[in-house]
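Written out below as structure tokens is the structure these notes cover.
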Amino acid sequence: MFQDLMQRSSDSDAVKLYHLENSFKGDAAGVIDLETLQDNDYQRAWDILEERFGNKRLILESHILGLLNLKQMTRSSSKELRSLIEECTRHVENLIKLGQPLSGMSELIVVTVLSHALDGQTRELWEASMDQKELPDYEQTIEFLKQRCVILERCENSASIVSPSPKVSNRKPPTSKLVPSKTSHAALVVPTYVCDFCAGQHQNFKCYVFQKLSVSAIRQ
């Protein structure tokens, strides 16, 4: 992209070199020697970058290894699935730009590696969506996974908006057993009287026989 911009630009080599140096990041920072910068030698600076970072074989290997080491999904998650899709397509698109088209065995290998990085549920849905008599297609697989990602995002958003209703327990609350209070009752002891005059159960002075007796008779 930088080369395309510079080719369409009418700026001097000094200005182009200035923009180039300001765009350096990471290991590229400081890779251009001082003499090249002082001479405003834009083409020499670009040749140094090509020699240092333009090793096509290393770049190809880095993308191939990136595909072979796609991170395995741990769960059915839109975030993890989208990250997997972006990582896979980035390596594939860069390989195509470097003159390595995706076809035949290479396509089958990429789809196989990608499918094995999916979570179990997504893998089952993907398998069910295919014609089992046909070899899997990369573009169709990516399209399926993008649609799957949209569905997961909708479900996750709905789950976050609608709060779960509280669970109603069928178990009855424990009822407290009423324990009768222990009340002590004093036993009423009713004295038993036997009348000496009539053998009734009352005191002598309450006896009707006694009450009819004369004083002399009582004394006897």
Side-chain angles (χ1 to χ4, degrees), residues 1-7 19-32 46-164:
M1 183 175 64
F2 186 86
Q3 280 184 309
D4 291 340
L5 290 173
M6 291 302 101
Q7 287 175 357
H19 290 304
L20 178 61
E21 185 184 12
N22 286 337
S23 65
F24 290 160
K25 295 180 180 180
D27 295 338
V31 74
I32 305 301
W46 190 262
D47 291 340
I48 292 173
L49 289 177
E50 285 284 358
E51 183 180 355
R52 175 67 175 82
F53 301 103
N55 190 322
K56 187 175 181 179
R57 179 182 173 186
L58 290 179
I59 297 173
L60 288 172
E61 286 183 356
S62 67
H63 289 299
I64 292 172
L65 291 174
L67 286 171
L68 295 176
N69 293 283
L70 290 175
K71 186 177 180 181
Q72 173 72 44
M73 292 180 63
T74 59
R75 59 192 179 91
S76 184
S77 160
S78 63
K79 183 178 180 180
E80 290 192 20
L81 181 55
R82 189 169 295 281
S83 177
L84 178 63
I85 295 171
E86 292 175 350
E87 184 72 7
C88 181
T89 54
R90 180 175 67 86
H91 291 304
V92 170
E93 289 171 0
N94 278 286
L95 286 170
I96 294 174
K97 289 178 182 178
L98 292 169
Q100 304 300 315
L102 191 68
S103 60
M105 183 179 292
S106 62
E107 180 178 14
L108 184 60
I109 291 174
V110 171
V111 174
T112 301
V113 172
L114 177 59
S115 64
H116 279 76
L118 300 172
D119 64 279
Q121 186 178 10
T122 303
R123 173 71 184 277
E124 289 179 3
L125 293 172
W126 172 72
E127 291 283 1
S129 69
M130 293 191 307
D131 184 350
Q132 299 302 315
K133 297 180 181 180
E134 301 291 336
L135 293 176
D137 179 82
Y138 172 76
E139 293 295 339
Q140 292 178 358
T141 298
I142 292 297
E143 185 60 29
F144 170 85
L145 295 180
K146 288 180 178 179
Q147 292 297 323
R148 168 69 174 164
C149 194
V150 171
I151 294 172
L152 287 174
E153 287 175 342
R154 289 176 180 172
C155 294
E156 291 165 357
N157 289 337
S158 298
S160 63
I161 295 174
V162 181
S163 58

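We number each residue from 1, following the sequence as shown. Just so it is clear, the values below take in all heavy atoms, side chains as well, and ignore hydrogens, waters and symmetry mates.
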Only distances under 3.5 Å count here; give the side-chain donor-acceptor pairs of residues 96-111 to other protein atoms, sequence neighbours excluded, each with its distance to 0.1 Å.
unit_1: Ser106; atom_1: OG; unit_2: Ser103; atom_2: N; d: 3.0
unit_1: Ser106; atom_1: OG; unit_2: Ser103; atom_2: O; d: 2.7
unit_1: Glu107; atom_1: OE2; unit_2: Tyr138; atom_2: N; d: 2.9

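- Remark: Glu124 engages no residue in a side chain to side chain contact (heavy atoms under 4.5 Å, CB included) (not counting sequence neighbours).
- For the pair Ile32 and Leu20, the minimum side-chain heavy-atom distance is 4.5 Å or more.
- Nearest heavy-atom pair across Ile142 and Leu114 is CD1-CD2, 3.8 Å.
- Distance check: Gln72 CD to Glu80 CD gives 9.0 Å after rounding to the nearest 0.5 Å.
- Take Arg123 and apply the side chain to side chain contact (heavy atoms under 4.5 Å, CB included) test, not counting sequence neighbours, and it matches Ser115, His116, Leu118, Trp126, Glu127.
- A search for side chain to side chain contact (heavy atoms under 4.5 Å, CB included) contacts involving Asp119 returns Met73, Ser76, Gln121, Thr122, not counting sequence neighbours.
- Scanning all heavy atoms of the two residues, the minimum distance from Ser78 to Glu153 falls at CB-CG, 3.4 Å.
- To the nearest 0.5 Å, atoms CG (Leu145) and CD (Gln140) are separated by 12.0 Å.
- Ser158 places a side-chain N or O within donor-acceptor distance of the main-chain N or O of Arg154, the cut-off being under 3.5 Å.
- The distance from the CD1 atom of Ile85 to the CZ atom of Arg148 is 11.0 Å, given to the nearest 0.5 Å.
- For Glu86, the side chain to side chain contact (heavy atoms under 4.5 Å, CB included) partners are Arg82, not counting sequence neighbours.
- A salt bridge links Arg90 to Glu87: at least one charged side-chain nitrogen sits closer than 4.0 Å to a carboxylate oxygen.
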Under 3.5 Å, side-chain donor or acceptor atoms of residues 58-66 against the rest of the protein: list the pairs with distances, not counting sequence neighbours.
unit_1: Glu61; atom_1: OE2; unit_2: Arg57; atom_2: NE; d: 3.2
unit_1: Ser62; atom_1: OG; unit_2: Ile59; atom_2: O; d: 2.6
unit_1: His63; atom_1: ND1; unit_2: His91; atom_2: ND1; d: 3.1

Worked verdict on Leu67 versus Cys88 for side chain to side chain contact (heavy atoms under 4.5 Å, CB included): CA-CA 6 Å; Leu67 286 171; Cys88 181; 4.0 Å; yes
